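Values below: all heavy atoms of this structure, side chains included; hydrogens, waters and symmetry mates excluded. Just so you know, these numbers come straight off a predicted model, no measurement behind them.
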Amino acid sequence: MRMIRTIVWTVLLIALVLFSVTNWTPVTVRIWEDLVWETRLPALVILSFLAGLLPMWLLHQAGRWRWRRRITALEAVTRQPSAALSSTQLDAAAQSGETPAT
């Protein structure tokens, strides 16, 4: 899986470099009437990509954190000894011919 991710990021990086080389033209972006930003086209594309990627990545990380906390809590609950007999106690009782008491 890590290899596929590396290949995808490498292809995206190569595509971005090729795009940057062929489209190195100045662009004027009007944010408000009196606020104008002059930049190169690749910088605008990269900033737009990051503006879309960053919130989704943060949302993904928050979801992973939440699921890890839930899994850890559930694992801690399953590690606690319960009042019921474990499967090893049931197997030992079955081999000795005893009826396990609950």
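Under the 6.0 Å distance and 45° angle rule, R69 does not count as a cation-pi partner of W67.
Under the 4.5 Å side-chain criterion, counting only non-hydrogen atoms from C-beta, E38 is not in contact with P26. Residues V36 and T28 meet the side-chain proximity criterion, which asks for heavy atoms closer than 4.5 Å. Residues F19 and L41 form a side-chain contact, since some pair of their non-hydrogen atoms from C-beta on lies under 4.5 Å apart. Taking the side chain as every heavy atom from C-beta outward, V27 and W37 never approach each other to under 4.5 Å.
No continuous path of hydrophobic side-chain contacts links L18 to L12 [ILVMFWY only; heavy atoms under 4.5 Å]. Hydrophobic clustering, with ILVMFWY side chains joined whenever heavy atoms are under 4.5 angstrom apart, keeps V11 apart from M1. Connection of V45 to I31 is established within a shared hydrophobic cluster, with ILVMFWY side chains joined at heavy-atom distances below 4.5 Å, either directly or through further cluster members. A chain of hydrophobic side-chain contacts below 4.5 Å, direct or via other Ile, Leu, Val, Met, Phe, Trp or Tyr residues, connects L16 to L53.
Between R66 atom CZ and R70 atom CZ the span is 8.0 Å, to the nearest 0.5 Å. A distance of 11.0 Å separates CZ in F49 from CG in L54, rounded to the nearest 0.5 Å.
Screening I7, L13, T6 for a side chain to side chain contact (heavy atoms under 4.5 Å, CB included) involving T10 leaves a single residue, T6.
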Problem set entry | Step-by-step side-chain contact (heavy atoms from CB on, under 4.5 Å) determination, Q61 to W57 | CA-CA 6 Å; Q61 292 299 322; W57 180 77; 3.4 Å; yes
